[in-house]
Amino acid sequence: MKKITKKTYLDWYENMLFWRKFEDKLAQVYINQKVRGFLHLYNGQEAVLAGALHAMDLTKDKMITAYRNHVQPIGMGVDPKKVMAELYGKATGTSQGLGGSMHIFSKEHRFYGGHGIVGGQIPLGAGLAFGDKYQGNNAVTLCYMGDGAVRQGSLHETFNMAMLWKLPVVFCCENNGYAMGTSVERAANHTDIWKLGLGYEMPCKPVDGMKPEVVAKEMDEAMERARRGEGPTFLEIRTYRYRGHSMSDAQHYRTKEEVAKKQEEDPIDYVLHQIYDKKWATEAEIKEVNKRVKDLVSECEKFAEESPYPDKSVMYDVVYDQDNYPFLPHKL
Amino acid sequence: MKTIQFREAICEAMSEEMRRDESIYLMGEEVAEYNGAYKASKGMLDEFGAKRVIDTPIAELGFAGIAIGSAMNGNRPIVEYMTFNFSLVGIDQIINNAAKIRQMSGGQFNCPIVFRGPTASAGQLAATHSQAFENWFANTPGLKVVVPSNPADAKGLLKSAIRDNDPVIFMESEQMYGDKGEVPEGEYLIPLGVAEIKRKGTDVTIVSFGKIIKDAYKAAEELAKEGIECEIIDLRTVRPMDHDAILTSVKKTNRLVILEEAWPFGNVATEITYQVQSQAFDYLDAPIVKINTADTPAPYSPELLKEWLPNSDDVVKAVKKVMYRD
């Protein structure tokens, strides 16, 4: 794994803060109805992504996740302006406005979505790894899922085959405590999600998801195991989401005190404390970073605002690869 | 009469039936402690307790199958899908088990079960969350498919669906749960398989069902200003279909427009078109027109979604076309 240095922490701080502010901006413009549909925000879970990205080889490794998926592609290298534009439904968006909040994709940056059906991406993640193994690419796929998704049959079928065929994939459950309004305790007879790997003899363990260096270390071990051809790993990364499941969630299933207590372990604050403790940056320098983040978020908003809506023909152009596909007529 | 929301009509139907019959239970994601993702089961956990109002993990295949198994063993489950888009994860259990157990066992087992939840689009939810599968389920012998369009119908039909001894797919809409409407006081049932004329007219028959029928009402108002009187038939039940109601109306108006929020290829409107041309060919004064969504997955972008969905202007145009007034 790349060494974790002063620069790593400074980058982590800036990236994680940007992801947080990017999501906050989306919540704000959602209320103004600039962004519609469902909106699932990543606030509180930033260390999971930051740590994972440090362990990945961003020249060839792949990532796939569920519908809480705005900031992962940004971490993989996608221009955040394009992600914001997608949420606005604009032609300049990552999917030309066809996908929206739950369906961000970037072939260029090997981000394979953005999936709206719980657990649907788990076999796909293994399939990406199958392709890499088949083609001898020496790349690893990081397949995220939530704590709700692990109760789907798709996980169990996929775990079996991924082990049987020793696929180069890391299954990563971001356990943020709640599948919509259902806590982990209310969804299963046990709460140690990582143990689901045991039945398949898949290496598995729980990981503290509030500290990026901890995630990076465990992720690196798992990814290197996959790269050596020894097959998949299942990590249960314990984290927390500050906001509701989506924007319409009144969150009656938890107390404000619980959320406040969890925010005491905030991953961005944690990184900032490391920086200050080690005197890697002055307050003035951090202020500079904060301003840079704010400006970039504004730039994304402006870009999305000013971009045009897609042309109606796009609706038909992207369905089939075949040119001139004979769609049934629609409007009279 | 009293005025209640669609979601309250659903809740009343389930609650009244559960008071009447101990074997009925409600199962699904977020139905109990969360009071339903769209609050259609509000208060039911308090009244009936956790034995009968059951939160499930996210496991659509597993809980569908468990409910079907219990229906083979004396229960009468109501299964809520947060949306029928998610029923695809469990559709094997519905098509291969619920719909066929009775036939495969030579009539030994009934499968009295209701699968209910919202169908079709509900704003900018994009491709995987905007699909209408009425025709998928209606294509399957063994299933019945009910799609109400207002609170009164929803309540009366759901009660009949729960009492039915066969599996019923009962499809609602996120965008209808807040709709208010008059509902009869006291108990009432609406039989499955019976359409209703929602608007009387003499010039053109419009057949529709579910929330999109509201665009037919709007169009009919517009057209009335031009002296065109539409007769609007709400199918209410897609399978079995009330062909008589459609044929009777078409024989009177001689013109038919079908409005359905679904993809055009082999949809419910296609079936109606076949039946009408085969049984009332000589009564038709114009080719039948069907209005559907575009032949593509639902787009997210607001401008594209507007284009993708059928609307009342489309109905106006279609009516004028079958009247040769376009």
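Lettering of chains follows the sequences in order, A, B, ..., and the numbering in each one begins at 1. Hydrogens, waters and symmetry mates are skipped; everything else that's a heavy atom, side chains included, is used.
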Can you find a heavy atom in the side chain of Val289(B) that is under 4.5 Å from one in the side chain of Leu332(A)? yes
For the backbone of Tyr34(B) and the side chain of His252(A), can you confirm whether one donor and one acceptor N or O come within less than 3.5 Å of each other? no
What residue, out of Gly181(A), Pro329(A), Ala188(A), has the most heavy-atom pairs lying under 4.5 Å from chain B? Gly181(A)
Spatial distance of atom CD (Glu29(B)) from atom CZ (Arg151(A)) [nearest 0.5 Å]: 13.5 Å
Supply the atom-to-atom distance Gln124(B) CD to Leu39(A) CG, rounded to the nearest 0.5 angstrom. 11.5 Å
Around atom CG of Asn32(A), are there more than 12 heavy atoms of other residues, nucleotides or ligands at under 6.0 Å? yes
Under 4.5 Å from any heavy atom of chain B - which part of Met102(A): side chain
Contacting region of Ala37(B) [heavy-atom separation from chain A under 4.5 Å]: both
Could you check which of Pro302(B), Ala127(B), Pro310(B), Gly123(B) has the highest count of heavy-atom pairs closer than 4.5 Å to chain A? Pro302(B)
Begin from the C-alpha positions of Ile58(B) and Gln152(A) and carry the test side-chain contact (heavy atoms from CB on, under 4.5 Å) through to its verdict. CA-CA 6 Å; Ile58(B) 303 172; Gln152(A) 289 279 35; 3.5 Å; yes
Proximity breakdown for Lys317(B) and chain A, heavy-atom pairs closer than 4.5 Å: both
More than 12 heavy atoms of other residues, nucleotides or ligands under 6.0 Å from NZ of Lys34(A): is that the case? no
Checking Tyr300(B) side chain against Ser95(A) main chain: does a donor-acceptor pair fall under 3.5 Å? no
Among Gly153(A), Ala179(A), Gly99(A), the residue with the most heavy-atom pairs under 4.5 Å to chain B is Gly99(A)
Which one, Ala294(B), Ala318(B), Pro57(B), Ala59(B), leads in non-hydrogen pairs under 4.5 Å with chain A? Ala294(B)
Please flag which part of Phe265(B) lies under 4.5 Å from any non-hydrogen atom of chain A: side chain, backbone, both or neither. both
Under 4.5 Å from any heavy atom of chain B - which part of Val35(A): both
Value for CG (Asp295(B)) from OH (Tyr316(A)), rounded to nearest 0.5 Å, stands at 7.0 Å
Nearest non-hydrogen partners of Gly116(A) and Thr128(B), listed with the distance: CA-OG1, 4.2 Å
Rounded to the nearest 0.5 Å, what separation is found between the CD atom of Glu33(B) and the OG atom of Ser183(A)? 7.5 Å
Report yes if the side chains of His129(B) and Phe38(A) come closer than 4.5 Å at any heavy-atom pair, otherwise no. yes
Where does Tyr38(B) contact chain A at under 4.5 Å (heavy atoms): side chain, backbone, both or neither? side chain
Let me know if Ala250(A) has heavy atoms under 4.5 Å from chain B in its side chain, its backbone, both or neither. backbone
If you draw a 6.0 Å radius around NZ in Lys90(A), do more than 12 non-hydrogen atoms from other residues or ligands fall strictly inside? yes
Contacting region of Thr83(B) [heavy-atom separation from chain A under 4.5 Å]: neither
So, Glu30(B) and Thr182(A): side-chain donor and acceptor under 3.5 Å apart, yes or no? yes
For the pair His330(A) and Thr296(B), evaluate side-chain contact (heavy atoms from CB on, under 4.5 Å) and give the outcome as yes or no after the intermediate values. CA-CA 10 Å; His330(A) 174 32; Thr296(B) 75; over 6 Å; no
Side chain, backbone, both or neither: which part of Ser154(A) has a non-hydrogen atom closer than 4.5 Å to chain B? neither
More than 12 heavy atoms of other residues, nucleotides or ligands under 6.0 Å from NZ of Lys214(B): is that the case? yes
Any Lys/Arg nitrogen of Lys331(A) or Glu307(B) sitting under 4.0 Å from an Asp/Glu carboxylate oxygen of the other? no
Of the backbone (N, CA, C, O) and the side chain (C-beta and beyond), which part of Asp249(A) lies under 4.5 Å from a heavy atom of chain B, both, or neither? both
Report which part of Asn292(B) has an atom under 4.5 Å of a heavy atom belonging to chain A: side chain, backbone, both, or neither. backbone
So Leu98(A) and Ser301(B), do their side chains get closer than 4.5 Å, heavy atoms only? no
Using non-hydrogen atoms only, which part of Trp308(B) is less than 4.5 Å away from chain A: side chain, backbone, both, or neither? both
Non-hydrogen atoms of chain B under 4.5 Å away: do they reach the side chain of Tyr88(A), the backbone, both or neither? backbone
